[in-house]
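This report concerns only the one structure given below.
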2 protein chains.
Amino acid sequence: MNSGKTIHRKKRSQIVQNCTCFNLRKASRAVTQLFDEALKPSGLYATQFTLLAAISSQEPVTITKLSQALVMDRTTLTRNLNPLQKEGWVEVVPGEDKRTKTLSLTRSGTKVLKVAMTHWNQVQSQVVKTLGTGNWEELLNILSLTIKKLNPY
Amino acid sequence: MNSGKTIHRKKRSQIVQNCTCFNLRKASRAVTQLFDEALKPSGLYATQFTLLAAISSQEPVTITKLSQALVMDRTTLTRNLNPLQKEGWVEVVPGEDKRTKTLSLTRSGTKVLKVAMTHWNQVQSQVVKTLGTGNWEELLNILSLTIKKLNPY
DNA sequence: TCTATTTACGTGCATATACTCCTATTATGA
DNA sequence: TCATAATAGGAGTATATGCACGTAAATAGA
């Protein structure tokens, strides 16, 4: 026989197990830890690798525009740029519209990105292999759908 | 005809688009923003709601054990507990093993969790509806698989 | 033209995340 | 028993995230 408390405990356990937000964040933590570890030799965190690659593929790009592409708050992007600027990997210059700032990679930023890509390829392949190609494709597809449907921007 | 630079740009764009880590984090940001907004009336962030619910379903539980269940670094959990302790929602007491600390909800913690559950139910339902039930189930399943296969703990 | 609004961005503040190094307690095994 | 190893946890440091509020530049409209 179950006490009322036990029933509530089970209920709350179900909530945690079913929470879309919790499961996404949990999976993010697991995968981020893998990528951070794999990218260590390059001196980049996973987030920083993403930023450099995104800038590389869109430069010159303004802060607001890039932040929307990344589904990231504008101010978060600004702060995430700081360590990259300190390292001399990203150049931030005023745009033609004096309100804006445009981002681009420096030569040294391009270099570190190139090194990081080797390690990225390895860990990405490892993840695809571990999940199985079919599962990985399903994951990416459903994440894209989720972003598309729930993205506030 | 494409220049070498254009080709590289496309390549890097593909990398960002296909990166497992980037897509998971991006989706996490989108969904977390939704849940944070929905839970605002309760005074909880999404992460804090998760923590309270997890403690509620496992109390009394030690820090290390809970951190493993959440796929979260032990020290991260310790720090995430601080605001919850300050608010008087979580009680931290030494365990029988004097090295450990056991976590449990206070009466006030149980109360705020109950209020938050109402809002959680709403936003969770909204997400399921927006994605479509089938897609949502697929998302949860593939996230579970990902966590299971890639979880370092 | 000139004012009001919109847009782009930064800062202060708070929480989230994890690595490294450290202490205290428990367990092990010679 | 006692020294050593293993375990649980905390503090310092750094990055990641986003809200509220404020400033400067561009735009719209009278």
Side-chain angles (χ1 to χ4, degrees), chain A residues 21-22 24-37 39-40 43-52 61-68 70-87 89 92-103 152-153, chain B residues 21-22 24-40 43-52 60-68 70-87 89 92-103 152-153:
Chain A
C21 186
F22 168 61
L24 266 169
R25 293 184 69 91
K26 191 167 153 188
S28 286
R29 286 191 293 267
V31 170
T32 300
Q33 284 168 31
L34 271 181
F35 275 72
D36 276 349
E37 177 63 29
L39 291 175
K40 234 173 196 173
L44 293 176
Y45 290 117
T47 47
Q48 300 177 331
F49 170 77
T50 294
L51 261 188
L52 291 185
V61 62
T62 65
I63 291 179
T64 295
K65 195 171 177 202
L66 183 59
S67 76
Q68 288 171 351
L70 300 176
V71 190
M72 181 182 284
D73 190 85
R74 179 183 55 75
T75 65
T76 299
L77 175 56
T78 296
R79 293 182 208 272
N80 290 355
L81 288 173
N82 285 337
L84 304 182
Q85 280 183 272
K86 260 185 218 156
E87 297 285 346
W89 295 329
V92 183
V93 296
E96 205 170 311
D97 180 336
K98 294 304 182 192
R99 292 172 302 182
T100 68
K101 294 189 172 178
T102 60
L103 311 173
Y153 302 113
Chain B
C21 187
F22 168 61
L24 265 170
R25 294 184 70 90
K26 191 167 154 188
S28 285
R29 285 191 293 268
V31 170
T32 300
Q33 284 167 31
L34 271 181
F35 275 71
D36 276 349
E37 176 64 28
L39 290 175
K40 234 173 195 173
L44 293 177
Y45 291 116
T47 47
Q48 300 177 331
F49 170 78
T50 294
L51 260 187
L52 291 186
V61 62
T62 65
I63 291 179
T64 295
K65 193 170 179 202
L66 183 59
S67 75
Q68 288 172 352
L70 301 176
V71 190
M72 179 182 286
D73 190 85
R74 180 183 55 74
T75 66
T76 300
L77 175 56
T78 296
R79 293 182 205 273
N80 290 356
L81 287 172
N82 285 336
L84 304 182
Q85 278 183 274
K86 260 184 218 156
E87 297 285 346
W89 294 329
V92 183
V93 297
E96 205 170 313
D97 180 337
K98 294 306 181 190
R99 292 172 301 181
T100 68
K101 293 188 172 179
T102 59
L103 311 173
Y153 301 114

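So you know, we letter chains A, B, ... as the sequences are listed, proteins then strands, and number each from 1. Not measured: the values here are computed from a predicted model.
A donor-acceptor contact closer than 3.5 angstrom links the side chains of Ser28(B) and Ser28(A).
Listed nucleotides dG18(D), dA26(D), dG10(D) differ in distance to Arg74(B); the shortest reach to its side chain belongs to dG10(D). The side chain of Gln48(B) lies closest to dT15(C) when the candidates are dG10(C), dT6(C), dT15(C). Counting only heavy atoms from C-beta on, Arg29(B) has its side chain closest to dT17(D) among dT17(C), dT17(D), dG9(D). Taking every side-chain heavy atom of Thr47(A) into account, dA16(D) is the closest of dT17(C), dT17(D), dA16(D). Distance from the side chain of Tyr45(B) is smallest for dT15(C) among the nucleotides dT15(C), dT15(D), dA24(D).
Here Thr62(B) does not reach the OP1 or OP2 of dA8(D): none of its side-chain N or O atoms lies under 4.0 Å away. OP1 or OP2 of dG10(C) has at least one side-chain nitrogen or oxygen of Thr78(A) nearer than 4.0 Å. Between Thr75(A) and dG10(C) there is no side-chain polar atom (N or O) within less than 4.0 angstrom of OP1 or OP2. Phosphate proximity of dC9(C) to Thr64(A): present, with a side-chain N or O under 4.0 Å from OP1 or OP2. Distances shorter than 4.0 Å separate none of the side-chain N or O atoms of Arg99(A) from OP1 or OP2 on dT6(C). Between Lys98(A) and the phosphate of dC9(C), there is no side-chain N or O to OP1/OP2 separation shorter than 4.0 Å. Listed pair Gln33(A) / dA18(C) meets the phosphate criterion, a side-chain N or O lying under 4.0 Å from OP1 or OP2. At least one side-chain nitrogen or oxygen of Asn80(A) sits closer than 4.0 Å to the OP1 or OP2 atom of dT17(D).
Note: CG (Leu81(B)) to P (dA11(D)) measures 13 Å, nearest angstrom. Separating the CG atom of Leu66(A) from the P atom of dT17(D) is a distance of 12 Å, rounded to the nearest angstrom. One can place CG of Leu24(B) at 17 Å from P of dA16(D), the figure rounded to the nearest angstrom. Distance, Arg25(B) CZ to dG18(D) P: 10 Å, rounded to whole Å. Taking atom CG of Leu84(B) as the reference point, atom P of dA14(C) lies 16 Å away to the nearest angstrom. One interatomic measurement links the two molecules: CG of Leu103(A) to C1' of dA8(C), which rounds to 12 Å at whole-angstrom precision. At whole-Å resolution of the value, CG in Asp73(B) and P in dG9(D) are 12 Å apart. Note: CG (Leu77(A)) to P (dA16(D)) measures 11 Å, nearest angstrom.
Thr47(B) is not listed as a side-chain neighbour of Asp36(B), based on a closest heavy-atom distance of 4.5 Å or more. Two residues are said to be in side-chain contact when any heavy atoms from C-beta on lie closer than 4.5 Å; Ile63(B) and Thr78(B) meet this criterion. Counting only heavy atoms from C-beta outward, the side chains of Thr102(B) and Val61(B) never approach each other to under 4.5 Å. You'll find the side chain of Tyr45(A) stays beyond 4.5 Å of the side chain of Leu39(A), heavy atoms only.
Among the protein residues, Lys65(B) comes within range of no part of the nucleic acid, since none of its heavy atoms lies under 4.0 Å from any strand. Residue contacts shown for Arg79(B) include a base, since a base heavy atom lies under 4.0 Å away. Nucleic acid contact for Asp97(B): sugar-phosphate only, since backbone atoms but no base atoms lie under 4.0 Å from a heavy atom of the residue. If you check every strand for non-hydrogen atoms under 4.0 Å, Lys40(B) touches sugar and phosphate atoms only. Within the 4.0 angstrom heavy-atom criterion, no nucleotide atom of any strand lies near Thr32(A).
Atom OG1 in Thr32(A) sits 10.5 Å away from atom CZ in Arg25(A) (nearest 0.5 Å). Gln68(B) contributes atom CD, which lies 8.0 Å from atom OG1 of Thr62(B) (distance to the nearest 0.5 angstrom). For the atom pair CD (Gln33(A)) and CG (Asp73(B)), the distance works out to 7.0 Å, reported to the nearest 0.5 Å. The NZ atom of Lys101(B) sits 11.5 Å away from the OG1 atom of Thr64(B) when rounded to the nearest 0.5 Å.
Rounded to 10 degrees, the angle between the two end axes of the helix from dT1(C)-dA30(D) to dA30(C)-dT1(D) is 10°, with five pairs used at each end.
Of the two residues contacting DNA chain C, namely Glu96(B) and Asp36(A), the nearest-nucleotide position lying further toward the 5' end is that of Asp36(A).
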